[in-house]
Amino acid sequence: MVFTINEIAHLLEGKVVGDDSLKIDKLCKIQEAVPGSITFLANPSYEKYLYTTQASVIIINKNFQPARPISASLILVEDPYLSFTKLLTKYESLLNVSKKGIEEPTYLGKNTTIGDAVYRGAFSYIGDHVQLGNGVQIYPHAYIGDHVSIGENTIIYSGVRIYPGSRIGKNCIIHAGAVIGSDGFGFVPEPTGSYQKTPQLGYVVIEDHVEIGANTTIERATLGNTWIKQGTKIGNLVEIAHNVEIGRNTIIVALSGIAGSAKIGNHCMIGGQVGVAGHTEMGDKTMVAGQAGVTKSYKNGNITLMGTPAFERKKYLKNYALFKQLQDIQKTLKN
Amino acid sequence: MVFTINEIAHLLEGKVVGDDSLKIDKLCKIQEAVPGSITFLANPSYEKYLYTTQASVIIINKNFQPARPISASLILVEDPYLSFTKLLTKYESLLNVSKKGIEEPTYLGKNTTIGDAVYRGAFSYIGDHVQLGNGVQIYPHAYIGDHVSIGENTIIYSGVRIYPGSRIGKNCIIHAGAVIGSDGFGFVPEPTGSYQKTPQLGYVVIEDHVEIGANTTIERATLGNTWIKQGTKIGNLVEIAHNVEIGRNTIIVALSGIAGSAKIGNHCMIGGQVGVAGHTEMGDKTMVAGQAGVTKSYKNGNITLMGTPAFERKKYLKNYALFKQLQDIQKTLKN
Amino acid sequence: MVFTINEIAHLLEGKVVGDDSLKIDKLCKIQEAVPGSITFLANPSYEKYLYTTQASVIIINKNFQPARPISASLILVEDPYLSFTKLLTKYESLLNVSKKGIEEPTYLGKNTTIGDAVYRGAFSYIGDHVQLGNGVQIYPHAYIGDHVSIGENTIIYSGVRIYPGSRIGKNCIIHAGAVIGSDGFGFVPEPTGSYQKTPQLGYVVIEDHVEIGANTTIERATLGNTWIKQGTKIGNLVEIAHNVEIGRNTIIVALSGIAGSAKIGNHCMIGGQVGVAGHTEMGDKTMVAGQAGVTKSYKNGNITLMGTPAFERKKYLKNYALFKQLQDIQKTLKN
């Protein structure tokens with residue numbers, strides 16, 4: 001596919017600076033760009049590539065002041081990363097053909113309700129009383145347990161396991177190997193020292209526009225629901241325990257674990273390898289640095305946390321700077 | 001299903017206080033309870049809901065002294081959480097119908113020994129020389145390698161992978177996507193700087209009444225066995241490396257990693273995202289706080305550990321409280 | 001199988017000390033060895049077993065000076081662990097019969113190119129335009145998306161998911177449940193507070209002799225490639241994000257996470273549960289202690305890091321030793 005620079009500028013509502021007769025047939029990262037490609041600059045630490053890149057066109061902030069001459073043509077925009085994403089989305093929509101139809105063999109249970117234009121990959125398993133909306137894509141080896149419902153245009157990739165009774169919204173993406181609705185981790189100690197399993201009779205509810213990463217696990221509730229709200233994005237290898245509630249448009253990065261009955265607000269950003277203790281509550285717009293361990297509630301939100309146990313990030317970093325000098329401090333003291 | 005409060009009190013060996021003619025048809029969490037439901041109070045931080053819940057009946061400790069009047073009827077018991085678990089178990093047993101029979105297509109190898117009332121889900125794979133006890137349930141897409149044995153009433157959920165030669169006990173539950181018996185992570189550096197793989201010729205042994213979480217991985221031994229003893233419960237996304245030995249009735253929470261040849265005692269409790277170094281030994285009743293890194297042996301057990309490298313938890317927290325004041329301490333020093 | 005001690009010494013280019021008429025039919029760990037077995041001593045902390053083991057033969061460093069008499073015969077070598085690995089490899093090659101042929105049912109797409117002596121397990125899925133080299137083994141339930149290529153003698157274990165367009169080299173091993181090529185975790189905030197997904201149009205490239213652990217996830221690039229270079233070994237439950245580049249012969253232990261666009265050098269060793277921040281660069285021969293959080297670049301490599309944020313390990317440990325004494329230091333100050 002070939003686009004003119006003007007077509008792209010029009011799509012992005014941007015302004016062309018430089019040669020406006022250029023034609024583009026590739027999208028590249030700035031440090032790997034080749035002639036004939038378009039790229040973007042958003043992260044300032046990549047500015048050095050601006051002056052050496054072989055890209056023909058660069059999408060850039062309209063207020064950016066280059067330190068040296070740039071050989072490429074520019075498209076000036078408000079938000080270069082958002083604009084480049086828009087361009088990628090356009091490109092993807094022209095490239096991709098959604099999977100449709102049925103690849104045999106598949107397994108289809110009783111009393112199912114299957115929408116139009118559904119894809120069911122080879123070896124996919126659809127249990128009894130399952131409901132699939134229009135345009136749902138079920139990739140090979142996915143397991144959809146009894147009484148599961150999945151809203152329209154949701155994509156379930158290969159090897160996803162959805163336990164019985166889970167409810168998944170519209171326009172969700174669940175990546176390969178994710179497990180939705182396995183038992184909550186609940187045991188009661190007995191006088192003998194062994195453990196009795198607490199039955200896990202609740203479900204998982206995932207609202208619309210949620211994305212769930214590869215091999216992530218979300219436990220069913222003991223009673224009631226484990227609840228992931230609209231627009232939330234969860235990375236790979238994340239553990240969400242039983243009865244957790246996660247608000248709208250919250251981001252949780254890979255390898256984090258949210259313990260049982262924790263409640264996370266809207267618009268939070270939780271870094272990688274974070275742990276959140278059970279029965280805590282985190283208000284809206286809480287940010288948590290990678291590897292932090294949040295052991296108590298921060299109901300007011302609007303704070304950035306760090307450390308284990310976690311507290312306010314700036315305070316953490318100042319004290320950590322002193323921790324790094326403890327040897328020197330001790331020497332001074334001895335003198 | 002409808003129960004009378006007296007039927008439930010009889011099951012739990014508890015004493016009714018209040019209206020003993022009530023009928024119950026739901027089980028709820030205290031903060032979400034509706035009229036006609038039964039709930040419980042065990043965690044003191046939920047006491048506030050005691051006075052506002054709409055539950056008809058509350059299971060509560062027999063010595064509990066309410067601060068304000070409670071509108072619900074009560075069932076007084078020794079241990080409310082254990083009693084509620086007993087009730088859930090009863091309820092579950094009335095609800096559930098175990099899966100039985102064979103859903104085609106399945107794959108069945110040669111020289112297998114299959115017990116009575118076994119479930120083999122669609123697309124399940126049973127290799128050669130496999131032994132399955134009575135009542136074993138193999139969900140769709142499970143892979144059971146050659147020479148594996150599985151004891152009676154064990155449940156293997158969808159997409160579990162059990163490598164050849166593993167031995168699984170009776171009454172175990174292995175959740176979706178868990179991998180049992182993949183190669184130990186062992187490599188020998190060569191003079192050229194590349195690595196030679198150490199062959200992994202051992203096996204995994206899992207004793208009776210063990211539960212293993214979704215997407216957890218347990219490596220086979222280099223030689224001998226990786227060994228998980230009776231009654232131990234392992235959460236989701238946990239890594240158990242080659243030649244590890246884990247004692248009886250030990251709990252390991254999600255996202256923890258136990259490195260090669262570590263030995264963990266009986267009745268230990270290991271929090272989430274904990275790391276345990278290779279070749280260390282942890283005695284009985286060791287407790288490890290979440291995100292701790294245990295880098296040496298604590299053979300006597302009976303200790304609670306925290307931090308990386310981990311040491312005694314109380315001492316850690318006292319020093320950490322001072323770490324949080326380092327800025328202030330430094331200021332005082334300067335003055 | 002039975003070997004004479006002389007056959008083994010010959011294979012290992014070692015020297016026999018003691019009875020050279022012995023015959024061996026088992027390989028054991030030193031603490032579990034039985035009569036008739038051969039074992040080895042490499043880790044000094046196992047020396048105590050040297051004097052009590054029932055092994056008939058011990059492989060040991062040629063310069064080792066025993067503190068007490070040893071009843072077993074010895075084979076003296078340069079590097080006992082490497083020698084024992086060589087012996088295990090020989091033993092494994094005599095034991096193992098590689099899987100070959102096709103177990104039906106399988107799914108085979110259009111326009112595929114399949115080499116000689118390929119194994120395709122039951123319920124394996126091979127998409128359109130896939131290329132499999134000679135001797136490739138595809139275990140049951142593996143999913144190989146469209147346009148994937150896999151080099152000769154690579155083993156893909158049960159339930160591995162390889163998204164379309166990924167390229168896997170020769171002589172690789174990918175363990176059960178690993179996911180290669182799922183979408184990079186990239187979203188752009190919109191003014192409304194919701195997130196727009198950044199299309200992920202790149203691929204994953206894995207070079208020759210790479211091993212990837214069970215349930216590990218490797219994201220496809222946004223543009224370009226996520227790249228794992230020759231000879232690198234990655235453990236279980238590791239997350240490799242989009243556009244990461246990992247050099248040759250690097251080791252990454254279980255539960256670590258490498259964030260987007262990070263660049264890791266050759267011959268690095270990254271411990272378990274390590275986090276590496278996005279867009280950082282780590283030079284050759286960098287070592288990272290378990291649970292460290294590397295938040296900035298160390299382009300020169302040749303350093304060992306620890307802590308979160310990570311810095312030089314020796315300095316970390318010295319300061320941590322003082323952290324453990326903060327209570328005492330404070331008392332001294334007060335006096």
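Worth knowing before you read on, the calculation uses all heavy atoms, side chains too, and leaves out hydrogens, waters and symmetry mates. Within every chain, numbering begins at 1; the chains are lettered A, B, ... in the order of the sequence lines, protein sequences first and strands thereafter.
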Item to check | Worked verdict on A/Y81 versus A/F84 for ring pair (Phe, Tyr, Trp, His ring centres under 6.0 Å) | outcome: CA-CA 5 Å; A/Y81 188 45; A/F84 195 69; 7.9 Å; no
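- Using a 4.5 Å cut-off between heavy atoms, A/L27 contacts chain C through both its backbone and its side chain.
- Neither the backbone nor the side chain of A/I329 comes within contact range of chain C; no heavy atom of the residue lies under 4.5 Å from a heavy atom of that chain.
- Both the backbone and the side chain of A/K324 come within less than 4.5 Å of a heavy atom of chain C.
- Here the CG-OG distance, from A/N61 to A/S83, works out to 9.5 Å after rounding to the nearest 0.5 Å.
- Of the listed residues C/A321, C/P309, C/G202, C/S182, the one with more heavy-atom pairs under 4.5 angstrom with chain A than any other is C/P309.
- Interface check for chain C: of the options A/G271, A/G290, A/A214, the most heavy-atom pairs under 4.5 Å are formed by A/A214.
- How far NZ of A/K90 is from CZ of A/F3: 7.5 Å, rounded to the nearest 0.5 Å.
- Interface summary for chain C: among A/P140, A/G213, A/A122, the most heavy-atom pairs under 4.5 angstrom belong to A/P140.
- Only the backbone of C/T216 comes within less than 4.5 Å of a heavy atom of chain A; no side-chain atom from C-beta onward does.
- Panel note: side chain A/N236, backbone A/A254; no donor-acceptor pair is recorded below 3.5 Å.
- For the pair C/H141 and C/S158, the tightest heavy-atom approach, listed with the atom from each and the gap, is ND1-OG, 3.7 Å.
- In this structure the side chain of C/T280 never reaches within 4.5 angstrom of the side chain of C/T295, judged on heavy atoms.
- Ring pair C/F185/C/F187 is perpendicular by interplanar angle, where above 60° counts as perpendicular and below 30° as parallel.
- For the options C/G159, C/G293, C/G186, C/G193, heavy-atom pairs under 4.5 Å to chain A are most numerous at C/G193.
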Item to check | ring pair (Phe, Tyr, Trp, His ring centres under 6.0 Å) between A/Y119 and A/Y139, intermediate numbers included | outcome: CA-CA 7 Å; A/Y119 167 57; A/Y139 272 70; 5.3 Å; yes
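- Only the side chain of A/H267 comes within less than 4.5 Å of a heavy atom of chain C; its backbone N, CA, C and O stay farther away.
- Across C/E190, C/Q200, C/Q196, C/H279, the residue that shares the most heavy-atom pairs under 4.5 angstrom with chain A is C/H279.
- Contact of A/N43 with chain C is made through the side chain alone, with heavy-atom distances under 4.5 Å.
- Heavy atoms closer than 4.5 Å to chain C are found in both the backbone and the side chain of A/F323.
- Taking chain C as the reference chain and counting heavy-atom pairs below 4.5 Å, the highest number among A/G231, A/A176, A/G121 is found for A/A176.
- Neither the backbone nor the side chain of A/Q230 has a heavy atom closer than 4.5 Å to any heavy atom of chain C.
- In this structure, the portion of A/L237 lying under 4.5 Å from any heavy atom of chain C is its side chain and not its backbone.
- Summarising the geometry of C/E219 relative to C/H242, their closest heavy-atom pair is OE1-N, 3.0 Å, with the distance given to 0.1 Å.
- Residue A/E32 touches chain C through its side chain alone, counting heavy-atom pairs closer than 4.5 Å.
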